[in-house]
Amino acid sequence: MKEQIQLFKIVFDFLDNLSEEELQLLISKKARLNLEIEKTITEESKPMHVCVEKICEKIEGFSTREDALEYITGLSLLKAELKAVAKKYDIHIGSKETNNQIAEKIIENVVGSKLRFDALLNTDLKR
């Protein structure tokens with residue numbers, strides 16, 4: 001019963017988003033609904049053209065955000081590859097984020113956090 005209610009809600013939400021014209025076309029049978037099954041490919045099944053481990057090691061070695069950004073952009077990574085690097089660091093990536101936004105998040109979480117930590121360690125609080 002719970003699944004049927006969920007199904008009705010999905011159909012209702014879909015119909016609620018249609019225009020009056022589209023609804024009239026459905027009623028007059030001049031239009032029809034189609035079920036489209038989404039193909040999902042898991043991250044593990046996609047072939048990676050790069051070694052995520054090597055990229056992560058290299059990023060961790062940079063001492064400035066600019067150098068890390070230059071390295072990542074120079075690799076011309078695909079979105080899936082950038083997401084794989086982000087996943088290694090448990091960085092949440094939204095579905096609508098661009099490659100540049102993903103790269104910036106990775107850099108800030110890896111290089112930026114290291115720089116902030118170093119700044120805290122090297123701060124002289126005795127003055």
Do [X] and [Y] share a hydrophobic cluster (ILVMFWY, side-chain heavy atoms under 4.5 Å, transitive)?
X	Y	value
Val11	Phe14	yes
Ile10	Leu15	no
Ile102	Leu75	yes

About how many Å separate [atom2] of [Y] and [atom1] of [X], when rounded to the nearest 0.5 Å?
X	Y	atom1	atom2	value
Leu82	Ile106	CG	CD1	5.0 Å
Leu115	Glu108	CG	CD	8.5 Å
Ile107	Ser113	CD1	OG	12.0 Å
His92	Glu97	NE2	CD	7.0 Å
Lys79	Ile93	NZ	CD1	9.0 Å
Asn99	Thr73	CG	OG1	11.0 Å

Could you tell me whether a side-chain N or O of Asn109 sits under 3.5 Å from a main-chain N or O of Lys105, the two making a donor and an acceptor?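 Present.
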Around Glu22, counting heavy atoms of other residues, nucleotides and ligands shown, do more than 12 lie under 6.0 Å from its CD?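 Atom CD in Glu22 is crowded, with more than 12 foreign heavy atoms closer than 6.0 Å.
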Carboxylate-amine/guanidinium proximity below 4.0 Å for Glu21 and Lys30: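 Answer for the salt bridge query: no.
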Check ion pair Lys114-Asp118 (N to O, under 4.0 angstrom):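 No, Lys114 and Asp118 are not salt-bridged.
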Val111 and Arg65: which non-hydrogen atoms are nearest, and at how many Å?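 Closest approach of Val111 to Arg65: CG1-N, 3.9 Å.
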Is there a side-chain contact (heavy atoms from CB on, under 4.5 Å) between Ile72 and Val85 once you walk through the steps? CA-CA 11 Å; Ile72 290 177; Val85 173; over 6 Å; no
